[in-house]
Participant: 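The structure follows.
Indexing begins at 1, ligand by ligand and atom by atom, following the structure's order.
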Amino acid sequence: MSYHLGLDSSTQSLKGIIIDPAAGSIVCQAAVNFAKDLPQYQAAYSPSADLLEKHADPLLWVAALDLLFTRMQAGGAPLDKVIGIGGAGQQHGSVYLNSHATAALATLDPAKNLLDQLAPALSRKTSPIWMDSSTSAQCAEVSAAIGARLQTDTGSPAIERFTGAQIRKFWQQDPAAYADTAKIHLVSSFMASVLTGTHAPIDYGDGAGMNLLNLNTLAWDPAICEATAPGLLDKLPPAVPTHSVIGKLAPYFSKYGFSSDVAIAAWTGDNPASLVGTGATRPGLAVVSLGTSDTFFAVLDPYRTDPEGCGHVFGNPTGGFMCLTCFKNGSLARERIRVESQADWTFFDVTAFEKTPAGNLGQLALPWFEAEITPPVLKPGLRANFDFAHAAPETKIRAIIEAQILSIRVHSQWIGDFETIRVTGGASRSTGILQTLANVFQAKVETIAVQDSAALGAAMIAAHVVGHHGYDPLTQALAPATATFEPDASTQTTYEALLATYLMLEAAARD
Ligand code: XUL
């Protein structure tokens, strides 16, 4: 038996899934929840005086790795049968390592604590993560230096959370620590570095989220790197296709019961991994992932960029490209409104939709409690076209959900139409949300069994890259549709009208 392990180092947790590709089955799953299991690291991110700044402690992700493997071993997970490991990381977040890192990684001692060995290798104590939108000045500077080519070559215009702008800010604010930085990793390549005990490369999937990778040449763009921060090119690990074995599992990890010969596939971003884990690597199928942030993604063929600048292009782990649009106020906004309206999950997911008509009588509420990424709105706040504070809970809930879904529809139009939308993430348990998605898009909506599609995708990547299993049989076995929601044609005109209302509200918020 040859198993493959997929890991997903995301904003709120580290998840692991072991698959048996020959049997087409999931063998076991485990997770470490940062807030619950490792509260000493300030959970997802540390508070900052600047509300737009969001950093996390990179040692949190290392501690989580240790804890996850400890738990898997204690729970009897067959780690000794794992021959390949793949991984996914929250995108854009960066980890800064000094010149001691190479030796520290290469000599990890199983008798010592992983954290104590890696802490001295950090040249920056914290990692800016994807929720950070504090780099508008740096984005403007790089845009002015490079011009429109920044978007056509890197797949995105200058974006606040993208790594390039974050690196520039670090160089400007702390030039000495920047000079002391020997390597800059993404969360994905950092985790892969810990596993392999070497500086791991960055794959095209996650590398494209940096505003530094030229997607026409598939190499770091020297001029863009230099316009971002001096000497940056020398601090970046090589860029490689996701389809790469990047090394062997370091001997340190045999203490958890792994064999001495486990191959590590290049890690990628959580969204590229989810493209694989949701079985959406063929055209005509799009995915809406309802997680901390909501994302919309699909295969993109041929390569092109979003005229509006909100959508991004990343490498597709199976080859070619994918597009992605990220909506920051996803489940955090849903959870906030659920708690505020004192609704339980059944009310939030089902009852609220039964008690209100499709279109909510034209009442919408844009839930941008945090500065929003798509559309770019830096001033947080809820924008409603009715007396939100005094409305019934069911009206508030539908107003928020319909606004979220209309925003996804508006900002995915540049990619084209889709016959089928697959939904994943925590909120995909809500039949109210799923039916509303089908109606707003007038497309078939499908759910899949596995919620942790990034971890599953990472395991499938390992099975393909290390075990040479084909993606089609892996998808059929591991990511079949479990339920289907057909669009209700009678709601089409209602949602066309509501779309116009949404566009007016959005335009007012962007002014
Ligand atoms: C994508 C993005 C988020 C993170 C979440 O551009 O910023 O989806 O990847 O982990």
Participant: For T295, take its heavy atoms, then give the atoms of ligand 1 lying under 4.0 Å from any of them.
Facilitator: 8 (O)

Participant: Could you tell me whether E372 and K328 have a side-chain N and a carboxylate O separated by less than 4.0 Å?
Facilitator: no

Participant: Do the side chains of L97 and F190 get nearer than 4.5 Å, heavy atoms only?
Facilitator: yes

Participant: Below the 3.5 angstrom mark, is there an N/O of Q91, backbone or side chain, next to an N/O of ligand 1?
Facilitator: yes

Participant: Should the proximity of N271 to ligand 1, defined as any heavy atom under 4.0 Å, be assigned to the side chain, the backbone, both, or neither?
Facilitator: side chain

Participant: Relative to the heavy atoms of R161, which atoms of ligand 1 are at a distance of less than 4.0 Å?
Facilitator: 1 (C), 2 (C), 6 (O), 7 (O)

Participant: Which label fits F314 and H312: parallel for a plane angle under 30°, tilted from 30 to 60°, or perpendicular past 60°?
Facilitator: parallel

Participant: Residue-level breakdown please: for L324 versus ligand 1, do any non-hydrogen atoms fall below 4.0 Å on the side chain, on the backbone, on both, or on neither?
Facilitator: side chain

Participant: Distance-only, no hydrogens or angles: does the N211 side chain make a donor-acceptor pair with backbone N or O of P157 under 3.5 Å?
Facilitator: yes

Participant: Consider ligand 1: state whether an atom of it lies below 4.0 angstrom from any non-hydrogen atom of G269.
Facilitator: no

Participant: Which heavy atom in H185 sits nearest to a heavy atom in A200, and how many Å separate them?
Facilitator: CE1-O, 3.3 Å

Participant: Identify whether NZ of Lys or CZ of Arg in R338 sits under 6.0 Å from the centre of the six-membered ring of F348 and within 45° of that ring's axis.
Facilitator: no

Participant: Using the six-membered ring wherever Trp is involved, compare the ring planes of H411 and Y502 and label them parallel, tilted or perpendicular (cut-offs 30° and 60°).
Facilitator: perpendicular

Participant: In terms of relative ring orientation, are Y178 and F170 parallel, tilted or perpendicular, with 30° and 60° separating the classes?
Facilitator: perpendicular

Participant: For ligand 1, which atoms have a heavy atom of Q90 less than 4.0 angstrom away?
Facilitator: 10 (O)

Participant: Do any N/O atoms on H312 end up under 3.5 angstrom from N/O atoms on ligand 1?
Facilitator: no

Participant: Mark up the atoms of ligand 1 that fall under 4.0 Å of a heavy atom belonging to C326, in ascending order.
Facilitator: 2 (C), 3 (C), 7 (O), 8 (O)

Participant: With respect to H92, determine whether any N or O atom, backbone or side chain, lies less than 3.5 Å from an N or O atom of ligand 1.
Facilitator: yes

Participant: Which residue from P272, S9, S293 reaches closest to atom 3 (C) of ligand 1 through any of its heavy atoms?
Facilitator: S293

Participant: Any idea which protein heavy atom is nearest atom 9 (O) of ligand 1, and the distance to it?
Facilitator: D270 OD1, 2.8 Å

